[in-house]
Amino acid sequence: MLDKTYQPKEVEEKIYKLWEDGKYFTPVIDKKKRPFTIILPLPNANDPMHMGHALFTVEDIMARYHRMLGEPTLWLPGADHAGIETQFVFEKKLAKEDKSRFDFDRKTLYQMIWNYVEKNRSINRGQLKKLGFSLDWSRYHYSLEPEIMERVLETFRKLYQDGLIYRGERIVNFCTKCGTAFSDLEVDYQERDDFIYYLDYGAISIATTRPETIFADVAVAVNPKDKKYLKVEKTAVIPLINIAIPVLSDALVQKDFGTGALKITPGYDPVDFEIGQKNGLEIIPIMKRNGRLDFTSKRFASLSQEIKDKLTQIQNLKVYPAREKTVELLEKEKKLIKKIPYKHTVGVCYRCGTVIEPMVIPQWFVKTKPLAKPAIEAVERGLTKIVPKKRFEKMYFDWLKNIRDWNISRQIVWGPQIPVWYCLDCNHNIELNFLRRSCHPEFVSGSRGMPKQVRHDNVYIGSEKISGTYQELRNKYSFEEIRSGLQNLVVPQDSSYQLASDKCEKCQGTKLLQETDTFDTWFLSGQWPVNTLKSNPADFAYFYPTSVLDTLWDILPFWVARMMMLGIYLTGKVPFKTVHLHARVVDKLGQKMSKSKGNVIDPLTISEKYGADALRLALVLGVGPASDISLSEEKIVGMRNFCNKRFLLLNLEGKSVPFYKEKMPGLTKEDLKLLKSLKILTKNVTKNIDAYKFGKASEILYQFAWHEFADIYLENSKLKIQNSKISEEEKLVTLSVLRHVYLNVLKLLHPFIPFVTEEIWQNFPRKNNSPLLVSPWPK
RNA sequence: GGAUCCAUAGCUCAGCGGUAGAGCGUUCGCUUCACAUGCGAAAGGUGGGAGGAUCAACACCUCCUGGGUCCACCA
């Protein structure tokens, strides 16, 4: 007997337990049947649930539908360590405690982040269960579990052996605050109000928004077709430091921008880097990784004392103060022609919003062209279908066809280290940064130059930060001291390296240190379908390639395209047959949900209040393919009202109603009409789910259940049953039709609102004793 | 600069080559049993603008206007 009003909270917990205990989410491999597989887009282990996760509803609908069709259905859950995201959050936490990552050696920092994430990882799982997701928890994987990590390293080695990995000194997007490089995809762009400065370079004048970089200029370039510059001097002069540089011509320079002359700074600008490469220009380093200017390179050594004094004023300043100071000096020397307010877009770190500094730092790259080609062909040949096709295939092709080599190294600790080792004896110029442990904290200076005691988890008390090349440090500190307190290495481009860790292949030495760069998170998640399923060879053989990948379209390039590339590379087969893309959840005014706007709807609060089913239905009902999902509390209330219509439960109490049979005697015109409607409904719901039109499928179900079945048929049958002139037999026929239609509607609704439907099913006299989630889909 | 999507009821959005749909909101009425988290009814749209192919368009094509989003080396 059910409560009169539906109490979702109690019911949901009970029902989920019923499913879990029955192991219904764990498929049984049956080679005679075709499996249905979905890999859950792995949530960040550290993230609490948000509406994006609630949208996994779409996957649950597919999983439940296919399970009811009798297909061995695997929906595989997991969690991602989310390298940069997580380290960024953790560092913010450290900052609140007046600490920074520079206070810890990498091993300690890693362990601290590990512990921090571990707490949230289990919360995450519970939250997914609350929404009723039929995930196979027995196959749960975490991106940092040893087996998964080992497979990632294997992929790296395989790529290396196939000549697809290289260590390159190229210009990369560097965030001086996060202290790491990013791939091109991880840079956001913001419009800024800045200035553009016109500067006097002797024979020519140039325009720049970044005057502080003039010290690293090595040339000026003009467009070869620019008539203004047909007869220009071949030499320009960098103001302030009076260094002569050549004037080149290059088609990349736009004639009509600024003065038409571009200063070439190969170390700090992507275009300049490219021009520099073409012309064999030198790269002058003037900025450290912490974003402070530095004039200690050899270019500046031979300058006059007067000039050196100018540079001293800028030395060690951060970019913006350095810019101000440079402009001030330029003004003083009358080299600033004009300064104009200028609106332009700048690249910023997608995590912390700091302006990205393009810098030349050796990084690990994957050659992507050979991987992209088969990934493009697979979609062209229809081996993987993208839904909705029209809109997103083009995006996929555009991205893969224009792809550039992928920087997979990150200068953070939170992630697997790149499995490459450097021999210190063969590479004396490797710069080492490590913390030396000390027994006398009072004599020790902290990272900010202040005496400081650092304590954490009793790992160490007090430490001293040491930096320098191995050449400089080798006689002062033991290898073990360096190794155990290591923060990071700065390895010159020409250093030798190897994949074996035991001893140096050149000198047989054993003072080897592993690369301190870690993998881009997407390098791990790009192999996720392969690596998770490979945990069990039988699983891989049966469930790979997976059936559907469902995700928000915005990570199509980040994730989907990379899974395609790596999946095909590793297995020769596409990782999924269909990519289904859904849209993002927006508020009732169509605006993106964000904390600052205060329009965030929290899925857990909502499901506590109205039930998970109501939330699920609100997320899919009437939503067009890949269009934004406008969600409001009002809509959820509406859906809750629907879920609460557990019609006719009371009527059947204590009655022995015969089971409906086709063409049973006594069927009326109304009965036949309803039965026909049910048939059409069943067909349409099935058709729409197959076509990924969940919005339509749920809408027609809603319409039928409420307005056709409940409002009309049920209302009429109520009158009929109360009517004493009608025979008992006739009433029983009506009731069996009612029950038949009702049970079928429950089945059809189950993928969308699994909890209520299962609860009613459990309380209903029926032929089939197994739970609703494994009962056969109506035909 | 390139690409792409959107414009339909007060709001948020579906759908469709052949008499305009839903949810929420609004108005009026009903309501001792499946459900007030309800039932019945009603009001409300010359489908952004202009043109074109069609027997016929809100739907197809072109252009315009206004928004969204993505990509790109804007010094």
Point to revise | For atom CD of Gln190(A) and atom P of C70(B), their distance in whole Å | key: 13 Å
**Study point:** Counterpart base for G48(B), defined by Watson-Crick or G-U wobble contacts under 3.5 Å
**Key:** C64(B)
Revision key, fill the gap. Glu699(A) has its side chain closest, among A14(B), G38(B), C73(B), to A14(B)
Review point. Considering only C39(B), C73(B), U37(B), which nucleotide approaches the side chain of Asp711(A) most closely?
Key: C39(B)
Check your understanding: Checking all strands, does Gly622(A) fall into the base, sugar-phosphate, or nothing category for heavy-atom contacts under 4.0 angstrom?
Key -> sugar-phosphate
Review point. Are any of Trp553(A)'s side-chain N or O atoms less than 4.0 Å away from OP1 or OP2 of C5(B)?
Key: no
Exercise for review: Dump the intermediate steps for side chain to side chain donor-acceptor pair (under 3.5 Å) on Thr682(A) and Lys747(A), then the final yes or no.
Suggested key: CA-CA 10 Å; Thr682(A) 305; Lys747(A) 286 182 180 183; over 6 Å; no
Check your understanding: Considering Watson-Crick and G-U wobble pairs with both distances under 3.5 Å, what does U54(B) pair with?
Key -> none
Practice item. Between Pro557(A) and Asp272(A), just flag the one whose closest nucleotide in RNA chain B comes earlier from the 5' side. Key: Pro557(A)
Point to revise | Trace of the salt bridge (charged side-chain N to carboxylate O under 4.0 Å, His left out) decision for Arg210(A) with Glu357(A) | key: CA-CA 11 Å; Arg210(A) 301 170 69 204; Glu357(A) 299 298 335; 2.9 Å; yes
Check your understanding: On a whole-Å scale, what distance lies between the C1' atoms belonging to U65(B) and G51(B)?
Key -> 15 Å
Point to revise | Minimum-distance nucleotide to Ala710(A) side chain [options: A34(B), A14(B), C74(B)] | key: A34(B)
Check your understanding: Rounded to the Å, how far apart are Phe392(A) CZ and A3(B) C1'?
Key -> 13 Å
Practice item. Could you check which of C73(B), A3(B), A75(B) has an atom nearest any side-chain atom of Lys394(A)? Key: A3(B)
**Study point:** Asn402(A) side-chain N/O to C71(B) phosphate OP1/OP2 under 4.0 Å
**Key:** no
Review point. So what does Gln254(A) touch, heavy atoms closer than 4.0 Å: a base, only the sugar-phosphate, or nothing?
Key: base
Review point. In whole angstrom, what separates Asp269(A)'s CG from A75(B)'s P?
Key: 9 Å
Review point. Who does C74(B) pair with, Watson-Crick or G-U, both distances under 3.5 Å?
Key: none
Exercise for review: Decide whether a cation-pi geometry holds between Arg739(A) and Tyr742(A); the criteria are a distance under 6.0 Å from NZ or CZ to the six-membered ring centre and an angle within 45° of the ring axis.
Suggested key: no
Check your understanding: When we call it a touch if two heavy atoms are under 4.0 Å apart, what does Tyr342(A) touch: a base, just sugar-phosphate, or nothing?
Key -> sugar-phosphate
Check your understanding: Can you find a side chain N or O atom of His707(A) that sits less than 4.0 Å from OP1 or OP2 on G23(B)?
Key -> yes
Exercise for review: For A22(B) versus A34(B), give the span between their P atoms, rounded off to a whole number of Å.
Suggested key: 26 Å
Exercise for review: For Ile238(A) and A75(B), give me the distance from atom CD1 to atom P, rounded to whole Å.
Suggested key: 20 Å
Exercise for review: Evaluate the side-chain proximity of Tyr610(A) to Met639(A): yes if any heavy-atom separation is below 4.5 Å, no if none is.
Suggested key: no
Review point. Mind checking the P distance from G25(B) to G68(B)? Whole angstroms is fine.
Key: 29 Å
Practice item. Quote, to the nearest angstrom, the C1' distance that separates C74(B) from C5(B). Key: 25 Å
Point to revise | Distance, P atom - from A14(B) to U8(B), rounded to whole angstrom | key: 11 Å
Exercise for review: Taking atom NZ of Lys9(A) as the centre, report whether more than 12 heavy atoms of other residues, nucleotides or ligands fall under 6.0 Å from it.
Suggested key: no
Review point. Rounding to a whole Å, what distance do you find between Phe558(A):CZ and C70(B):C1'?
Key: 12 Å
Check your understanding: Just checking Val637(A): base, sugar-phosphate only, or nothing, at a heavy-atom cut-off of under 4.0 Å?
Key -> nothing
Revision key, fill the gap. Mate of A34(B) across any strand shown (Watson-Crick or G-U wobble, both atom pairs under 3.5 Å) is none
Check your understanding: Side chain of Asp398(A): nearest nucleotide among C39(B), A3(B), A75(B)?
Key -> A3(B)
Point to revise | Closest nucleotide among G38(B), U4(B), A75(B) to the His344(A) side chain | key: A75(B)
Practice item. Take atom P in U4(B) and the same atom in C63(B), then report the distance between them in whole Å. Key: 12 Å
**Study point:** Shortest side-chain distance from Tyr702(A), nucleotide among U4(B), G23(B), A75(B)
**Key:** G23(B)
Exercise for review: May I ask which nucleotide in the shown strands pairs with A3(B), Watson-Crick or G-U wobble, both distances under 3.5 Å?
Suggested key: U69(B)
Exercise for review: Determine: side-chain N/O of Thr265(A) to OP1/OP2 of A75(B), distance under 4.0 Å, yes or no.
Suggested key: no
Review point. Run the side chain to side chain donor-acceptor pair (under 3.5 Å) check on Gln762(A) and Glu758(A) step by step: do they pass?
Key: CA-CA 6 Å; Gln762(A) 293 293 329; Glu758(A) 181 74 80; 2.9 Å; yes
Check your understanding: A57(B) and C24(B): how far apart are their P atoms, nearest whole angstrom?
Key -> 34 Å
Revision key, fill the gap. Ser630(A) has its side chain closest, among U12(B), U4(B), G38(B), to U12(B)
Review point. Reckon Arg584(A) has a side-chain N or O less than 4.0 Å from the OP1 or OP2 of U69(B)?
Key: no
**Study point:** Same-atom distance (P) from A53(B) to C61(B), integer angstrom
**Key:** 15 Å
**Study point:** Pairwise distance OG1(Thr209(A)) to CZ(Phe195(A)) - rounded to 0.5 angstrom
**Key:** 12.5 Å
Check your understanding: Any salt bridge between Glu633(A) and Lys609(A), counting N to O under 4.0 Å?
Key -> yes
Review point. Between atom CD1 in Ile606(A) and atom C1' in U37(B), what is the gap in whole Å?
Key: 15 Å
Review point. Rounded to the nearest 0.5 Å, how far apart are CZ of Phe273(A) and CG of Leu281(A)?
Key: 11.0 Å
Point to revise | Atom-to-atom span, CD1 of Ile171(A) to P of A75(B) - whole angstrom | key: 15 Å
Practice item. Give a yes/no answer on whether the side chain of Tyr189(A) brings an N or O atom under 4.0 Å of OP1 or OP2 in C74(B). Key: no
Review point. Considering Watson-Crick and G-U wobble pairs with both distances under 3.5 Å, what does G23(B) pair with?
Key: C11(B)
**Study point:** Nucleotide opposite G40(B) in a Watson-Crick or G-U pair, distances under 3.5 Å
**Key:** C28(B)
Exercise for review: Would you mind reading off the distance between Tyr742(A) atom OH and A34(B) atom C1', rounded to a whole angstrom?
Suggested key: 8 Å
